[in-house]
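Encoded as structure tokens, the structure appears first; notes follow it.
Treat the numbers as computed from the prediction; the structure is a model and nothing was measured. All values below come from the heavy atoms of this structure, side chains included, with hydrogens, waters and symmetry mates left out. Chain letters run A, B, ... following the sequence lines, proteins first and then strands; every chain starts at 1.
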2 protein chains.
Amino acid sequence: MSRREPLNRAKVVAAALALVDAEGVEALTMRRLSKSLGVEAMSLYNHVANKTDLLDALAEAVFASVERADPGLPWAERLRITARNLYGEFSRHPSVSKAVVGDQANPTSEAALRPTEDVLEALFEAGFDGKAARQALIAVHGLVFGTLALATSEYTTPPRPAANGLEAFRPVVDPAWLPHFARLTALGDSDPAEDFERALDLLIAGLVTAAPNGA
Amino acid sequence: MSRREPLNRAKVVAAALALVDAEGVEALTMRRLSKSLGVEAMSLYNHVANKTDLLDALAEAVFASVERADPGLPWAERLRITARNLYGEFSRHPSVSKAVVGDQANPTSEAALRPTEDVLEALFEAGFDGKAARQALIAVHGLVFGTLALATSEYTTPPRPAANGLEAFRPVVDPAWLPHFARLTALGDSDPAEDFERALDLLIAGLVTAAPNGA
DNA sequence: ACCTGAACACCGTTCAAGT
DNA sequence: ACCTGAACACCGTTCAAGT
């Protein structure tokens, strides 16, 4: 019956991440989280300001874990790798992506903004001006977080919450009304990471074409 | 003191849409919604099965309002217009976009899937096979909903919840640590619709290059 | 068929009290 | 400095009761 070591912010954040990874954002309540730490709910408030602070901390942790690209690579490769690493880390924590994209988490620390800074650096090296760089950044971020969010949501239907891809739509899609959609459902399961990679290819092809400094 | 006409599902959905447009998703509670309709909370359950059913209905309504592209146009134009119209309708209801992207709404009716079907039809006409079409679809949807979500979330910070674009970041971005990011914040407010249009340009350029049947 | 009121099992968060 | 217990103002939803 060893006396429990005192709680700290890192432990709270780690437990929260484990909880959302295992059971989704909706399972993240102060009361349940505290229970998983063997403590009363109110103890958490000694380490996080409130629930939004906690959600921000989760997003910060994921952003901060994104590996940076080798600065010696050409700009298009750096951009691709940063986007891929962003996707990779967040795909391991889909609930955190949903929180980011759904505006429940809004991290603003330097560590959290670092991947964005790296994407921008690549875009400026490509010769885009401020406005064009902002638009390209929006395209990259939109693609990363949009595909992340849709990979776990859009084609998943309540009866089969864990179903991947279009599988779950088979019962609802009438081929007579949505023939093209039906053709997709016949493909079977997809590999979200590969689909993202191809989507990123398309966007980067567009960026290279538009870049003042070329590839 | 006229006797109130009976409620129906359409009225409930319309009031819910007005409520989220005015005050955001977090303001959509069965109790508040019922109050806005001059009724008790439990009356709503005669017209919607539960809160997720209600959120689905909101998303359905927005999807169903998306205007279809002229079928006589070339595939790339049809795709562009469908994506633009999707963006346009959802940008008028940002809270509904957030619900869709955050997996709180999961509409599966034919009307809701129609814009997706139209995008797919364009992609198949372009000559993509099933797998490539699915990947391109993910890119388009990811871009639309990703940029929608980020336009109202990522660069908005709690102290100024209504702030547009990067404005809100000025106080937190240290130019010494994030010089490129700081350069963006100096640009002033952005036009999200224009930024989306440019992002879409980039993606469509990539699609046209990759299309087996050309433009 | 539609609406209501009370109740249940939850939330986030405040506050005064303990150690 | 950190933790607790009771309390407050909310949630979604069930159910029995009304009309």
Q. What does A:M30 touch in the nucleic acid at a heavy-atom separation under 4.0 angstrom: a base, only the sugar-phosphate, or nothing?
A. sugar-phosphate
Q | Distance below 4.0 Å between B:Y45 side-chain N/O and D:dT14 OP1 or OP2 | A | no
Q.
Can you measure B:L37 atom CG to C:dT4 atom P for me and round it to whole angstrom units?
A. 11 Å
Q: Using a 3.5 Å limit on both pairing distances, list the dot-bracket string of DNA chain D from the 5' end; Watson-Crick and G-U wobble pairs count, crossing pairs take [ ], interstrand pairs take |.
A: ||.|||||...|||||.||
Q. Should the ring pair B:Y87 and B:F196 be called parallel, tilted or perpendicular, given that the plane angle runs from 0 to 90° and is split at 30 and 60?
A. parallel
(Q) Output the rounded distance in Å from CD (A:E40) to P (C:dG12). (A) 14 Å
Q | For atom CZ of B:R9 and atom C1' of C:dC2, their distance in whole Å | A | 16 Å
Q. Under a 4.5 Å cut-off applied to non-hydrogen side-chain atoms, are B:T147 and B:D195 in contact?
A. no
Q) When the distance from CG of A:L33 to C1' of C:dG12 is rounded to whole Å, what number comes out? A) 13 Å
Q.
Before you tell me yes or no, could you show the steps for B:R198 and B:D191 under salt bridge (Lys or Arg N to Asp or Glu O under 4.0 Å), namely the whole-Å CA-CA distance, both residues' side-chain angles and the distance that decides it to 0.1 Å?
A. CA-CA 11 Å; B:R198 292 291 80 72; B:D191 175 351; over 6 Å; no
Q. Taking the side chain of B:M42 as heavy atoms from C-beta outward, which of D:dG5, C:dC11, D:dT13 is closest to it?
A. D:dT13
Q: Taking the side chain as every heavy atom from C-beta outward, state whether A:L184 and B:F124 have any pair of such atoms under 4.5 Å apart.
A: yes
Q: Would you indicate, yes or no, if C:dA1 has its OP1 or OP2 atom less than 4.0 angstrom from a side-chain nitrogen or oxygen of B:H47?
A: no
Q: Counting heavy atoms from C-beta on, name the nucleotide in C:dC11, D:dT4, D:dT13 closest to the side chain of A:R31.
A: C:dC11
Q) Is there side-chain contact between B:D118 and B:R78, with heavy atoms separated by less than 4.5 Å? A) no
(Q) Heavy atoms only, 4.0 Å cut-off, all strands: where does A:L28 land among base, sugar-phosphate and nothing? (A) sugar-phosphate
Q: Using atom NZ of A:K11 as one end and atom P of D:dC2 as the other, report the distance to the nearest whole Å.
A: 12 Å
**Q.** Nucleotide nearest A:L7 (side chain, heavy atoms from C-beta), chosen from D:dT13, D:dC3, C:dT13
**A.** D:dC3
Q. Are A:K131 and B:E194 ion-paired here, with the side-chain N under 4.0 Å from a carboxylate O?
A. yes
**Q.** First encountered from the 5' end of DNA chain C, between A:A49 and A:A27
**A.** A:A27
Q.
Tell me the interatomic distance from B:N8, atom CG, to C:dA1, atom P, rounded to whole angstroms.
A. 16 Å
Q | Euclidean distance, atom CG of residue B:L19 to atom C1' of D:dC11 [Å, nearest integer] | A | 15 Å
Q) Which atoms form the tightest heavy-atom contact between A:R92 and A:D21, and what is the distance? A) O-OD1, 3.9 Å
Q. Of all the nucleotides listed (C:dC11, D:dC2, C:dT13), which has the minimum atom distance to the side chain of A:N46?
A. D:dC2
Q: Describe the nucleic acid contact of B:S43 in one word from base, sugar-phosphate, nothing, applying a heavy-atom distance below 4.0 Å.
A: base
Q: Rounded off to whole Å, could you give me the CG-to-C1' distance for the B:L44 and C:dC2 pair?
A: 12 Å
Q: Look at B:E77 together with B:R80 and state whether they make a salt bridge at an N to O cut-off of under 4.0 Å.
A: yes
